[in-house]
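Only heavy atoms go into these numbers, but all of them, side chains included; no hydrogens, no water, no symmetry mates.
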Amino acid sequence: MVNNNIKNYLLEFPNYLSMFLFSFFMMLSSPILVDMGKSFNIGPESMNFIITNFLLGEIAGMLTLVFMVRKFSQKIIVVLVYIFLVPAAIGLMLVPSLTFFYVLYFASGFLLGIIFMNSNLSMLQGKVKNKESVVNLGHGFFAIGALVSPFIASSFVKAGINWKFIYIAVIVLAIACLISYIIIEKIKKASGSLDKKIKPTPFREIFKYKKRNIYMLLTAVLMLFYVMSEVTVFSWAPTFFRVEKLFDIYSASLIVSIFWVGILAGRLIISVLSYKYKAGVLLIVLSAISIAGFALLIFPAGQILNFAGAALVGLGFSGIPPLLISSGGRIFGSDVDVSLTTLFVIGIASGSFIPYLIKVISGYSFIFSMIIAIFFMAIFFIFVLIRKAYRKTL
């Protein structure tokens, strides 16, 4: 029994690696927006729009997958996406035009959105029985990718290497993901461990229960405000500390890396605590920790306190997405693709608006362009309490 369980976890390796690839790409630009902007003769707040394009592409990819899997083989779709990601990354290294660079970021977001959705679906539909555990592990790899990416990007720039060469790492990771996916699929086929294809339910049948729909909406609202706060941190925090608090590029990158270390550590802790405490209780505690962490991250003048705040925010953020995914994924039963698409699309759509909001607010006050992250988490905290109270009516 134990050996079978370990085997089931190992069979999810392509999904873990894909989660690593997704966050690795997403975080590459965060510490070097100033340097990227110089190449295109624009400010970092305008360069940050690549995150908007990436997130909009991700939404398009997720929506495309949820419809395509009803007509085409999911395996073929995934293989083609990995293959197409390679020329997209090559294009990011070569295009001199800012417009085409934005377009390629949208295309990359589209492809990685399909990969991200497929990985989450596969983990929830896989043979590992403890879904909270496997999702936490997968998102632990997400945290590792986001952790190492800023270090690599800032190290390239600090060493005098053109920032465009960072996309070579994306090409290598895409090829590694493709190879691992093909190998694991062959192992599954040889051992008879292929995941069973679940026949999708018609959409009108899925949404026919009012209370279930309201609970899904409340969960989506939580994802919405969480993503808005997270996008503010990962896309803007390094630039904020470079410009407002005059951190050097290494220290600014360290802020966001410490944030992801906190997330990684927290996910290991939450994977254990989830056996003992309910998701609603954990979400209350985590959101309170996040708000306290923001107070240390933004306001004090000392770097040590800022670093401590980044770690606390990461610790607070750590369990929120896995808990929302694992609990939200069960709302519509076997139709987890609909549940996750609803969560991710609403959340990420709100996150894609953040770079525009940051640009407007930073024109008046740089510090308020970071304070909005606290505001979003405060609303998140309120809706956690509302959802917990509503759950008692189900």
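Leu305 and Leu246 are members of different hydrophobic clusters when ILVMFWY side chains are connected at heavy-atom separations under 4.5 Å. Neither Phe151 nor Val34 shares a network with the other; the hydrophobic side chains, linked directly or stepwise wherever heavy atoms of I, L, V, M, F, W or Y lie under 4.5 Å apart, form separate groups for each. Phe259 and Leu268 are assigned to two separate hydrophobic clusters, defined by single-linkage of ILVMFWY side chains at heavy-atom distances under 4.5 Å. Both Ile168 and Met27 are members of a single hydrophobic cluster when ILVMFWY side chains are connected at heavy-atom separations under 4.5 Å. Linking Ile, Leu, Val, Met, Phe, Trp and Tyr residues whenever their side-chain heavy atoms come within less than 4.5 Å leaves Met377 and Val281 in two separate clusters.
Here the side chains of Phe366 and Phe240 are in contact, with some heavy-atom distance below 4.5 Å. Annotation: side chain of Val170 is in contact with side chain of Leu28 (closest heavy-atom distance under 4.5 Å). Between Ile361 and Ile372, some side-chain heavy-atom pair lies under the 4.5 Å cut-off. Residues Pro31 and Val256 are not in side-chain contact: their nearest non-hydrogen atoms beyond the backbone lie 4.5 Å or more apart. The side-chain heavy atoms of Leu324 and Phe344, taken from C-beta on, include no pair separated by under 4.5 Å. Side-chain contact between His139 and Asn120 is present, with at least one heavy-atom pair separated by less than 4.5 Å.
Between atom CG of residue Leu254 and atom CG of residue Asn306 there is a gap of 11.0 Å, rounded to the nearest 0.5 Å. To the nearest 0.5 Å, atoms CG (Leu343) and CG (Leu224) are separated by 11.0 Å. Atom CG in Leu282 sits 5.5 Å away from atom CG in Leu323 (nearest 0.5 Å). Going from atom CG of Leu85 over to atom CG of Leu178 covers 10.5 Å, rounded to the nearest 0.5 Å. Rounded to the nearest 0.5 Å, atoms CG (Leu385) and CG (Leu283) are 10.5 Å apart. Here Leu11 contributes atom CG and Ile184 contributes atom CD1; the two are 5.5 Å apart, rounded to the nearest 0.5 Å.
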Run the side chain to side chain contact (heavy atoms under 4.5 Å, CB included) check on Phe24 and Ile152 step by step: do they pass?
-> CA-CA 10 Å; Phe24 183 89; Ile152 292 176; 3.6 Å; yes
Are Val231 and Phe376 close enough, and set up right, to give a side chain to side chain contact (heavy atoms under 4.5 Å, CB included), and what steps lead you there?
-> CA-CA 11 Å; Val231 171; Phe376 297 141; over 6 Å; no
Can you list the steps and then say if Tyr390 with Tyr215 is a side chain to side chain contact (heavy atoms under 4.5 Å, CB included)?
-> CA-CA 7 Å; Tyr390 184 78; Tyr215 190 71; 4.1 Å; yes
Going through the checks in order, is the side chain to side chain contact (heavy atoms under 4.5 Å, CB included) test met by Ile320 and Phe380?
-> CA-CA 10 Å; Ile320 293 175; Phe380 177 91; 3.6 Å; yes
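Taking every heavy atom of both residues into account, Pro238 and Ala252 meet most closely at O-CB, 3.4 Å. The minimum heavy-atom distance linking Ala143 with Ile263 is given by the pair CB-CG2, 3.7 Å. Taking both residues in full, the closest heavy atoms of Leu56 and Ser352 are given as CD2-OG, 3.6 Å, listed atom of the first, atom of the second, then distance. Across all non-hydrogen atoms, the minimal contact from Val313 to Gly293 is CG2-C, 3.3 Å. Scanning all heavy atoms of the two residues, the minimum distance from Leu17 to Ser180 falls at CD2-OG, 3.9 Å. Ile32 and Arg242 get closest at one heavy-atom pair: CA-NH1, 4.3 Å.
Side chain of Ser229 to backbone of Tyr226: no donor-acceptor contact under 3.5 angstrom is found. At least one donor-acceptor pair closer than 3.5 Å links the side chain of Thr232 to the backbone N or O of Met228. A donor-acceptor contact shorter than 3.5 Å is absent between the side chain of Ser149 and the backbone of Gly145. Not one N or O on the side chain of Asn162 forms a donor-acceptor pair closer than 3.5 Å with the backbone of Phe165. A donor-acceptor pair is defined here as one N or O able to donate and one able to accept, closer than 3.5 Å; no such pair exists between the side chain of Ser369 and the backbone of Ser362. Distance alone, capped at 3.5 Å, places no donor-acceptor pair between the Ser318 side chain and the Leu264 backbone.
Checking Tyr16, Trp260, Phe20 one by one against Phe141, the ring-ring contact (aromatic ring centres under 6.0 Å, His included) holds for a single residue, Tyr16.
In Phe84, the CZ atom is not crowded: 12 or fewer heavy atoms of neighbouring residues, nucleotides or ligands sit closer than 6.0 Å.
Note: Phe307 and Phe247 have perpendicular aromatic rings, judged against thresholds of 30 and 60 degrees for the angle between ring planes.
Between Phe294 and Phe299, the gap from one ring centroid to the other reaches at least 6.0 Å. Between Phe22 and Phe54, the distance separating the two ring centers is shorter than 6.0 angstrom.
At a cut-off of 3.5 Å, with distance as the only test, no side-chain donor of Ser18 or Tyr181 sits close to an acceptor on the other residue.
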Donor-acceptor contacts under 3.5 Å from residues 88-115 side chains, at least two apart:
| unit_1 | atom_1 | unit_2 | atom_2 | d |
| --- | --- | --- | --- | --- |
| Ser97 | OG | Thr99 | N | 3.3 |
| Ser97 | OG | Phe100 | N | 3.4 |
| Tyr102 | OH | Ser46 | O | 3.0 |
| Tyr105 | OH | Tyr167 | OH | 2.8 |
| Ser108 | OG | Leu104 | O | 2.8 |

